[in-house]
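Reviewing the structure listed below.
In listed order, ligands and their atoms are each counted from 1.
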Amino acid sequence: MGDRILVFYGSYRRDRMGIRLADFLVKNLRTRGADVEFIDAKAVDLPMLDRMYKEYAPGTAPAAMEQLAGKIKAADAFVFVTGEYNWGIQPGLKNLTDHYLEEWYWRPAAIASYSAGRFSGVRSGTAWHHTLSEMGMVVISSTLAVGPIAKTLDADGEPTGEAGAALAKAFPRFADDLAWWTEAAREQRRRRAPPY
Ligand SMILES: Cc1cc2nc3c(=O)[nH]c(=O)nc-3n(C[C@H](O)[C@H](O)[C@H](O)COP(=O)(O)O)c2cc1C
C-alpha cells in the first residue's frame with residue numbers, strides 16, 4: 001500500500017480559494033500511488049481550543065477529535081496547505097493542530113503555501129515551519145509556493161496558464177522529497193521505537 005498521507009487545509013471562509021491547491025495536491029499525490037486523505041479543518045470543526053486531545057480521559061474526547069487523533073497517529077506523512085492572513089497563519093488550521101502534540105511526532109511534513117498575490121503566502125509557510133518543528137515533525141526543505149492562486153489553478157484544482165505550468169513542474173520534486181523522508185522515517189520507526 002502507498003504512503004498514508006494526510007493533507008490539511010484550514011480556511012473557514014465561504015469563498016475560500018486554497019481549496020484549489022488542496023485538491024491539486026490530493027489528486028497528484030494519489031496519482032503517484034499514495035494513500036491520501038484530505039482533512040478539512042472547517043469540516044472537522046473542532047471547538048476553539050479548551051482541552052488538548054491528551055487532556056481528555058481515554059474515550060471521553062469529542063468524537064471528531066478522537067477520530068482525527070487516530071488518523072494522525074496512523075499516518076506516514078503530512079502536507080499542510082497554508083494560506084496567509086495579515087502575514088500570519090490561518091486560525092482554523094492552527095486551532096486544529098494545537099489540539100494534538102505527541103500524535104504528530106516522528107513523521108515528516110511538507111508545506112504548500114498560497115495567496116491571492118505574487119508573494120504566494122510564503123510568510124505563512126515560514127511561520128508554519130517553526131510550528132510544525134515544535135510539534136515534532138521533520139519539515140522537509142522542498143516547498144510549493146502558489147500565487148496568485150486564482151491564476152494558477154482553476155476551480156477544479158487543475159493548473160492554468162504559465163503559473164499553473166510552473167506549479168506542475170515543481171510538484172514532482174516536492175513529492176519526491178516528501179516520499180524519501182516518509183520512507184526514511186517509517187523505516188527508522190520499524191528499526192527502532194521512538195525514544196519517547
Ligand atoms: C483576513 C485576511 C488577511 C489577508 N492577509 C494577506 C496577507 O497578509 N498576505 C497575502 O498575500 N494575502 C493576504 N490575504 C489574501 C489571501 O491571500 C487570499 O484571500 C486567500 O485566498 C486566502 O485564503 P483562503 O481563500 O483559502 O481563505 C488576506 C486575506 C484575508 C481574508
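One side chain, Tyr85 or Ser11, offers a donor N or O that lies under 3.5 Å from an acceptor on the other. No side-chain donor-acceptor contact under 3.5 Å links Tyr196 and Glu102.
Looking at Phe119 against ligand 1, nothing comes within 4.0 Å, counting heavy atoms. Under 4.0 angstrom from ligand 1, the non-hydrogen atoms of Arg13 all belong to its side chain. For Tyr12, no heavy-atom contact with ligand 1 is shorter than 4.0 Å.
A cation-pi contact links Arg123 to Phe119, judged by a cut-off of 6.0 Å to the six-membered ring centre and 45° from its axis.
Aromatic pair Phe8/Trp104: centroids less than 6.0 angstrom apart.
For atom 21 (O) of ligand 1, the nearest non-hydrogen atom from the set Gln90, Met17, Arg118 comes from Met17. Checking Lys42, Glu84, Arg14 against atom 14 (N) of ligand 1, the nearest heavy atom belongs to Glu84. Which of Ile19, Asn86, Val122, Ile149 comes nearest to atom 5 (N) of ligand 1 through a heavy atom is settled by distance: it is Asn86.
Between Glu183 and Arg186, none of the side-chain N atoms (NZ, or NE/NH1/NH2) sits under 4.0 Å from a carboxylate O, so this pair counts as no salt bridge. A salt bridge is defined here as a Lys NZ or Arg NE, NH1 or NH2 lying under 4.0 Å from an Asp or Glu carboxylate O, and Lys27 with Glu158 meets this definition.
Considering backbone and side-chain N/O atoms, Ser115 comes within less than 3.5 Å of an N/O atom of ligand 1. Inclusion of Gly121 in the set of residues having an N or O under 3.5 Å from an N or O of ligand 1 is not warranted.
Atoms of ligand 1 lying under 4.0 Å from any heavy atom of Tyr114, numbered from 1 in the order shown and given with element: 23 (O), 24 (P), 26 (O). Residue Ser11 has at least one heavy-atom neighbour below 4.0 Å for each of these atoms of ligand 1: 24 (P), 26 (O), 27 (O). Remark: ligand 1 atoms within the under-4.0 Å shell around heavy atoms of Trp87 are 7 (C), 8 (O).
Looking only at distances, no side-chain donor or acceptor of Asp3 sits under 3.5 Å from a matching main-chain atom of Ile5.
Counting heavy atoms from C-beta outward, Arg16 and Tyr9 have side chains that approach closer than 4.5 Å.
Considering only non-hydrogen protein atoms, atom 15 (C) of ligand 1 sits nearest to Ala116 CB, 4.1 Å. Among protein heavy atoms, the minimum distance from atom 2 (C) of ligand 1 is reached at Tyr85 CD2, 3.6 Å.
The two atoms that bring Val81 and Val7 nearest to each other are CG2-CG1, 3.9 Å, heavy atoms only.
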